[in-house]
There are 2 protein chains.
Amino acid sequence: MTTLVMHVRFLSGGFELSATIRDVARRAGVSIKTVSRVLNGSPRVTEDTRQRVMAAIDALDFHPNAAARALVLRKSRTIGLVIADITNPFFPEIVRGVEDVANRHNYNVILCNTDENPDKERCYINLIREKQGDGIILAGSRIGADEVVALARKGIHVVVINGDVRHPRVGVVAVANEERAHEAVSHLARMGHTRIAYISGSPMSSSNAERLQGYRRGHDDNGIPLDESLVVQAGPTREGGFAAMSCLLNIPARPTAILAYNDLQAIGAMEAIKEHGLTVPRDIAVIGFDDIQLASFTTPPLTTFRMPKYEMGMRAAEMLIGMIISRTVRESRLVVDPELVIRESCGYRQSVLTRGTMAAGRR
Amino acid sequence: MTTLVMHVRFLSGGFELSATIRDVARRAGVSIKTVSRVLNGSPRVTEDTRQRVMAAIDALDFHPNAAARALVLRKSRTIGLVIADITNPFFPEIVRGVEDVANRHNYNVILCNTDENPDKERCYINLIREKQGDGIILAGSRIGADEVVALARKGIHVVVINGDVRHPRVGVVAVANEERAHEAVSHLARMGHTRIAYISGSPMSSSNAERLQGYRRGHDDNGIPLDESLVVQAGPTREGGFAAMSCLLNIPARPTAILAYNDLQAIGAMEAIKEHGLTVPRDIAVIGFDDIQLASFTTPPLTTFRMPKYEMGMRAAEMLIGMIISRTVRESRLVVDPELVIRESCGYRQSVLTRGTMAAGRR
DNA sequence: TTGTAGGCGTTATCAG
DNA sequence: CTGATAACGCCTACAA
């Protein structure tokens, strides 16, 4: 008893130590466990004592120590959200969707930007594990599917957004990437295009691989010869798209249509085209992916596939929290099918004639 | 000893328990403390034993439990980042700035969206405290300065971005809001405008209050009569700006110029103006705040004040981590002065004449 | 309804 | 250079 008192005095000399459950118990004249019960909303406690405990709690400005709780409970009510880059307009809504449902379930979100760097991604995943994160959502993941599966095997709950991991213990919010890229090519083919370029994203990206696959299949199915020199890789940014397009503009038989991995690249490409003195869509048609907010503001407005970003984030978080709570995956895979939003960057080639139709097709 | 073995067996029946420092110690044939020393990079350990420990660590796929560490160390290497809404393009870059320096210092970021709801904000702040966050960054805070000071008094490290808290223990990355709003009004006055409206943000926002103040002072200093009916409040969104502008368009003597609390509102306002059959800037000039990416893509491109968003996030994080490490504030206040980026939404009234000049002033 | 004892995984204080 | 042991704050059995 004496040592305890000394100890307390010693510490409070230097710092104002935050109150513990023990202090609350003492002040309320009850046991520690009773306080714990009150904190956890156990019904097995008298209203009277509950009041006393509550009074003590805010008299002492007590806040339960989540670290201590996480230590014994082995759950932190924290999830990790690993994305490529919050600065890419594709992600904020996803993040918001995740955060909203997390918050609703009393979870917190640790945000991690990987810049599509697999090592950074692994590093973050480890950190989340160490922080006892209850689960991880991977969006824009650039590590291998096998690594993700390995995580799941270790008992870590993980949900992948726009990835292609197939494993019963890995939740997936997938996107019909191949089908849509195929659709884009068909759409362009119908308009008479035969030289269609693909501005590719990261080779480590499964969604990119899927789109590329759809792009290739689209050529086959529409009887268009595939010219691999029309596939050029770039970073997932405006700058990347600009650079890629610049290359594309310099090849002898330049493309008449562009499918870009994402809107940012598509926008960059349009800028390059303009700078080259050409016009979109008259000289070159452009189609993107994502439908970020900017897409409807460019000149001309960008034709693109609309991703239900907020919903994807929501679903992923619901899935993850479901896994955490039930320790199982109810529905491990969900496929989102983005819709083609036709704006003016990819009008029909005889665009002047059909202008009215085009305008009606907007929004 | 027996109990221990039984215990382990019992648990491993149900789950694969992750290895602890104790397991590593046993496997490496050293004491727990030695493992701890290796983990923390203490030099007081033989290279030989270090090797053995390291081997044991990855043989067991050991990951130190940050919760346990946080419990004893009273620091979690986690900071809370409380923002209004990641979906508002003003925030992603700030968040990125924060996350980058946090990561560089081995800190993690818990992201919280408050939607400008003070209660939600308080709730998040409490959560961060409970999670033993080492500090908090508030961006777009809507709680009172006194509450922030109270936090600091309790020993919680806090940095406010774009807020007006004055206290030696609160870090602040401030913005010269009043001065810039004043400049905007002066700029408009010089162009001949006398009916300048202000689309206001949240009344709880200190940055809004500052801009409003500058708006008012700008009227005084330029000899323009102030008409309070030209100040209308709205949410910090396109929808908010649209709604506010719609009101403004319906008053008898409608304004000829708009200063909006942020770009999103300004863009919404331009949409309302267009929908009303009027033209920007000929009929109504518009100036925003922030210079979000969209701003340069609108028709016409938006004149606005460029916020160094990434840098603001960086500085805030550096300040916070500095406070955490040194337990003091070296430079508690830093003022950022956004620059007016003149685009076409606010050309000179005789804009046709000076078109060349305007274009030169653009980016 | 309430209280007591022991442990969660790590670090820190002392000895050796 | 290394090791035993007591915290850190909370929760869960079990007892009362």
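Order of the sequence lines fixes the chain letters, A, B, ..., with proteins taken first and strands second; residue numbering starts at 1 for each chain.
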Exercise. What bend angle does the helix from C:dT1-D:dA16 to C:dG16-D:dC1 show across its length, from five-pair end axes and to the nearest 10 degrees?
Worked result: 30°

Exercise. Would one find a side-chain N or O of B:R69 under 4.0 angstrom from OP1 or OP2 of C:dT11?
Worked result: yes

For this session: Begin from the C-alpha positions of B:E93 and B:E311 and carry the test side-chain contact (heavy atoms from CB on, under 4.5 Å) through to its verdict.
Result: CA-CA 8 Å; B:E93 285 188 56; B:E311 198 195 332; over 6 Å; no

Exercise. Just how far, in rounded Å, is P of C:dG9 from CZ of B:R26?
Worked result: 11 Å

Exercise. Does anything in residues 50-68 of chain A reach DNA chain D, meaning a heavy atom under 4.0 Å, and if so which residues?
Worked result: A:F62, A:P64, A:N65, A:A68

Exercise. Got a salt bridge between B:R50 and B:E47, using NZ or NE/NH1/NH2 to carboxylate O under 4.0 Å?
Worked result: yes

Enumerate all atom pairs, one protein N or O and one N or O from nucleotides 2-4 of chain D, separated by less than 3.5 Å.
{"unit_1": "D:dT2", "atom_1": "OP1", "unit_2": "B:T46", "atom_2": "OG1", "d": "3.0"}
{"unit_1": "D:dT2", "atom_1": "OP1", "unit_2": "B:T49", "atom_2": "OG1", "d": "3.4"}
{"unit_1": "D:dT2", "atom_1": "OP2", "unit_2": "B:T46", "atom_2": "N", "d": "3.0"}
{"unit_1": "D:dT2", "atom_1": "OP2", "unit_2": "B:T46", "atom_2": "OG1", "d": "3.3"}
{"unit_1": "D:dT2", "atom_1": "OP2", "unit_2": "B:T49", "atom_2": "OG1", "d": "3.4"}
{"unit_1": "D:dG3", "atom_1": "OP2", "unit_2": "B:S31", "atom_2": "N", "d": "2.7"}
{"unit_1": "D:dG3", "atom_1": "OP2", "unit_2": "B:S31", "atom_2": "OG", "d": "3.2"}
{"unit_1": "D:dG3", "atom_1": "OP2", "unit_2": "B:T34", "atom_2": "OG1", "d": "2.8"}
{"unit_1": "D:dG3", "atom_1": "N7", "unit_2": "B:R37", "atom_2": "NH2", "d": "3.0"}

For this session: Take the protein atom NZ of B:K131 and the nucleotide atom P of D:dC10, then report the distance between them rounded to whole Å.
Result: 15 Å

Problem set entry | d(CG, B:N40; C1', C:dT10) in whole Å | 9 Å

For this session: Please lay out, stage by stage, how B:Y124 and A:N103 fare under the test side-chain hydrogen bond (donor to acceptor under 3.5 Å, both in side chains).
Result: CA-CA 9 Å; B:Y124 271 123; A:N103 181 240; 3.2 Å; yes

For this session: Mind checking A:L71 for me? I need base, sugar-phosphate or nothing, with any heavy atom below 4.0 Å counting as a touch.
Result: base

Exercise. Any sub-3.5 Å donor-acceptor pair from B:S31's side-chain atoms to B:T34's backbone N or O?
Worked result: yes

Exercise. Does A:R142 come within less than 4.0 Å of A:E116, counting only side-chain N to carboxylate O?
Worked result: yes

Exercise. Please give, in whole Å, the distance from C:dG7 C1' to A:L73 CG?
Worked result: 13 Å

Problem set entry | Gap between atoms NZ and P, on B:K75 and C:dT10 respectively (whole Å) | 19 Å

Exercise. Do we see a donor-acceptor contact under 3.5 Å between the side chains of B:T78 and A:K131?
Worked result: yes

Exercise. Separation of A:Q132 atom CD from C:dG9 atom P, in whole Å?
Worked result: 9 Å

Problem set entry | Ion pair check, A:R69 and B:E130, cut-off under 4.0 Å | no

Exercise. D:dG9 P sits how many Å from A:D23 CG, rounded?
Worked result: 8 Å

Problem set entry | Residues A:R74 and A:D134 bridged, charged N to O under 4.0 Å | no

For this session: Take B:D100 and B:M314 through the side-chain contact (heavy atoms from CB on, under 4.5 Å) test and state the conclusion after the steps.
Result: CA-CA 7 Å; B:D100 279 356; B:M314 255 186 59; 5.7 Å; no

For this session: Report the residue from B:N108, B:I86, B:V95 that forms a side chain to side chain contact (heavy atoms under 4.5 Å, CB included) with A:L111.
Result: B:V95

Problem set entry | Candidate pair A:R315 and A:E318, rule salt bridge (charged side-chain N to carboxylate O under 4.0 Å, His left out), full reasoning | CA-CA 5 Å; A:R315 295 271 181 249; A:E318 280 167 356; 3.2 Å; yes

Problem set entry | Length of the CZ-P vector between B:R129 and D:dG9, whole Å | 14 Å

